[in-house]
Amino acid sequence: MSQDDRHAPEDALREARRQKAQALRERGENPFANDLWPAPLAELGPLRARVSAARNDAGRYDKARVAELSGELGVAHVAGRVLMQRGFGRAAFLRLRDRTGELQLYLHEGATPQAELARLDDIQLGDVIEAEGELMATDKGELSLEVTRVRLLTKALRPLPDKWHGLADVETRYRQRYVDLIASRDAAAVFRARSHIVRAVRRYLDDDGFLEVETPTLHTLVGGAAAKPFTTHHNALDMSLFLRIAPELYLKRLVVGGLERVYELGRMYRNEGISTRHNPEFTMLEFYEAYATYETLMTRTEALFRAVDADLARRMPDEHGAWLRARPFTLDEPFARVPMRAAVERALAKASLPADVHTTIRGEGAPIKEWSRSSERAKKRIDWSNYLKGVKKCANDGEALFAAYEYLAEPFLAEDYTSADGQKSVPVFILDYPAEVSPLARRKDSDPSLVDRFELFVHGRELCNAFSELGDPEDQAARFRDQLEKKARGDEETMDYDADYIRALEHGLPPTAGFGMGIDRLVMALTASASIRDVILFPLLRPEH
RNA sequence: GGGCUGGUAGCUCAGUCGGUCAGAGCUGCGGACUUUUAAUCCGUAGGUCCCGGGUUCGAGUCCCGGCCGGCCCA
């Protein structure tokens, strides 16, 4: 505790709690104990599960059935945080939560000794307690522990948020996640889901013979993606370093080295703006598979999504049902596979625009005013001014196709590619990107201006980026040189020339396909979360004060 | 970076046209109640109305600036 805290006037709620703690101390008890009673702890979830057969459809428990089913259980020892408390004369109900679930504690004169009932005076919402008692159901059918012994373990000196509304202030939710996790079941569920999702991703890859590796996060060169890096410095070597923006080039070196199926799941750092879809540090999965193509990886992507979602459904069935309904997309139908050029053409048709807009716009005097009157979409929802600005910066046909895709097609993916019943969007693979915007991908054999690459969009949001890897060291060296030119022209999101990577390629990269996916965005999609901050425990915020 | 929007008790929120507007519920405290489900009932305490200026007889309310958020766009 700092000097300031100690001398600050304490609000009445904290003072009342502090006094209760002091009263305990004066009785020779510790309000911050760690000596639990020696009996082993029963977990609340399993305790509930034990008598689940006594539960009816309305969630009420049958008294007699509970007594029957909990027969040999005897006295159970439980511990957790007090979430609700109702005094009722010489009886009381407490709701207790541990990491596995919640259970009501029922204290009353019939079963609870006077001395134990008196201890309720010390216990408040938010406190951590232990208790002993037998499982029973109340007249109203609420599963309860009929308490014979109770004890405060940890006094909470701060009050919990509103018990009904919880913590609504989003800023406080992000800054004081510990409170959010106590007060909001939904928030806690998202982070449990995240853990299951990450493990399911690992399991999918492990089961298919992929090796998990760890590569450096401190890089001497910028590579593997188009993004601005954070910089730092190593004192002993007096050397500038970049926090990694992608692990790609290291992982492909490992494929050269014979680790033909590798993956890394870890934190990346990009020195860019913050939004509902961007946090400066985020978690990415990359995997590389030798003797595979981007076609292989599309099949894998669908399998991976479905495997992860099925796992989530098994582990969190109740929450998963709610997320499933909240999701604006479905994984039940085949993902759409659309070459970028076709996506642009289709989007133009949907906006009732001429089929050559994306080429005509590059010339002088493009009739944008006339185009924007073609349809509601063209008028209100296509950002012509930024599209035009973007087109002006394009140095070649490839970049122009990409700009057309970005402004004409991508904003409408969610509505243009829907399930058979039209109720939900389907995920869309956009394929065959221009080589100019894909410096690490292999050119298509049938059209060298394009590359064997896809990105996956789930309800219009980019989740994955994958391609058949460029194994030709000379082509790769030329692409690196292009990046240097872009940098010289002022582009801040370019890669450095990585000579060692070229040397690695000269030893021979087997035909390989590689895949990257934002884990945070995957969690957002599966849990129907609106902001990346809802799936990152401690998102970056400006400091308080 | 731009547009819109928010900040009132520990928490959730109301506060009209600038004039008894410093309010409610929860939480806390005191009390009643032996099966509650946001328990109920009675009583009570709790405020830098984000910060700083300005306009005004008078500002939570209007204006300007700042701080910290949210949403959308870049």
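Order of the sequence lines sets the chain letters (A, B, ...), proteins ahead of strands, with each chain counted from 1. Every heavy atom of this structure was used, including side-chain atoms; hydrogens, water molecules and symmetry mates were not.
- Put simply, the side chain of Asp162(A) and the base of rG25(B) share a donor and an acceptor less than 3.5 Å apart.
- Distances shown here put a side-chain N or O of Thr276(A) below 4.0 Å from the OP1 or OP2 atom of rC72(B).
- Annotation for Arg158(A): atom CZ does not count as buried by contact number, only 12 or fewer foreign heavy atoms lying within 6.0 Å.
- Although no hydrogens or angles enter the test, the distance criterion places a donor-acceptor pair under 3.5 Å between the side chain of Arg48(A) and the main chain of Glu102(A).
- Within the 4.0 Å cut-off from OP1 or OP2 of rG70(B), not a single side-chain nitrogen or oxygen of Arg175(A) is found.
- Rounded to a whole angstrom, the distance from the C1' atom of rU34(B) to that of rC29(B) is 24 Å.
- For the OP1/OP2 pair of rU27(B) and a distance below 4.0 Å, the side-chain nitrogens and oxygens of Gln85(A) include no atom meeting the criterion.
- Side-chain nitrogen and oxygen atoms of Lys20(A) include at least one within less than 4.0 Å of the OP1 or OP2 phosphate oxygen of rC29(B).
- Listed nucleotides: rG70(B), rU34(B), rC13(B). Nearest to the side chain of Leu541(A): rG70(B).
- In Glu29(A), the CD atom is crowded: over 12 heavy atoms of neighbouring residues, nucleotides or ligands sit closer than 6.0 Å.
- Within the structure, every side-chain polar atom (N or O) of Arg86(A) is placed at least 4.0 Å from both OP1 and OP2 of rA38(B).
- Using N1 to N3 plus N6-O4 or O6-N4 for Watson-Crick, or N1-O2 and O6-N3 for G-U wobble, each under 3.5 Å, rA14(B) pairs with nothing.
- Looking at heavy-atom distances under 4.0 Å, Gly166(A) makes contact with sugar-phosphate atoms alone, never a base.
- Ring pair Tyr106(A)/His108(A) is parallel by interplanar angle, where below 30° counts as parallel and above 60° as perpendicular.
- With RNA chain B read from its 5' end, the first of the two nearest nucleotides for Met84(A) and Gln124(A) is the one closest to Gln124(A).
- Checking rC71(B), rU27(B), rU37(B) against the side-chain heavy atoms of Gln104(A) singles out rU37(B) as nearest.
- Across every strand in view, rU61(B) sits unpaired, with no contact that passes the Watson-Crick or G-U test at under 3.5 angstrom.
- Under the Watson-Crick and G-U wobble criteria, each requiring two contacts below 3.5 Å, nucleotide rG6(B) is paired to rC68(B).
- Contact annotation for Arg542(A): backbone-only contact, meaning every heavy-atom pair under 4.0 Å involves sugar-phosphate atoms and none involves a base.
- Under the Watson-Crick or G-U wobble criterion, with both distances below 3.5 Å, rC29(B) is paired with rG43(B).
- In this structure, the nucleotide among rU35(B), rA74(B), rG28(B) sitting nearest to the side chain of Thr138(A) is rU35(B).
- For the OP1/OP2 pair of rC26(B) and a distance below 4.0 Å, the side-chain nitrogens and oxygens of Lys163(A) include no atom meeting the criterion.
- Atom CG in Leu69(A) sits 9.5 Å away from atom CG in Leu135(A) (nearest 0.5 Å).
- Using the Watson-Crick or G-U wobble rule with both distances under 3.5 Å, rA22(B) pairs with nothing in any strand shown.
- Set against rG70(B), rC73(B), rA38(B), the side chain of Trp164(A) has rA38(B) as its closest nucleotide.
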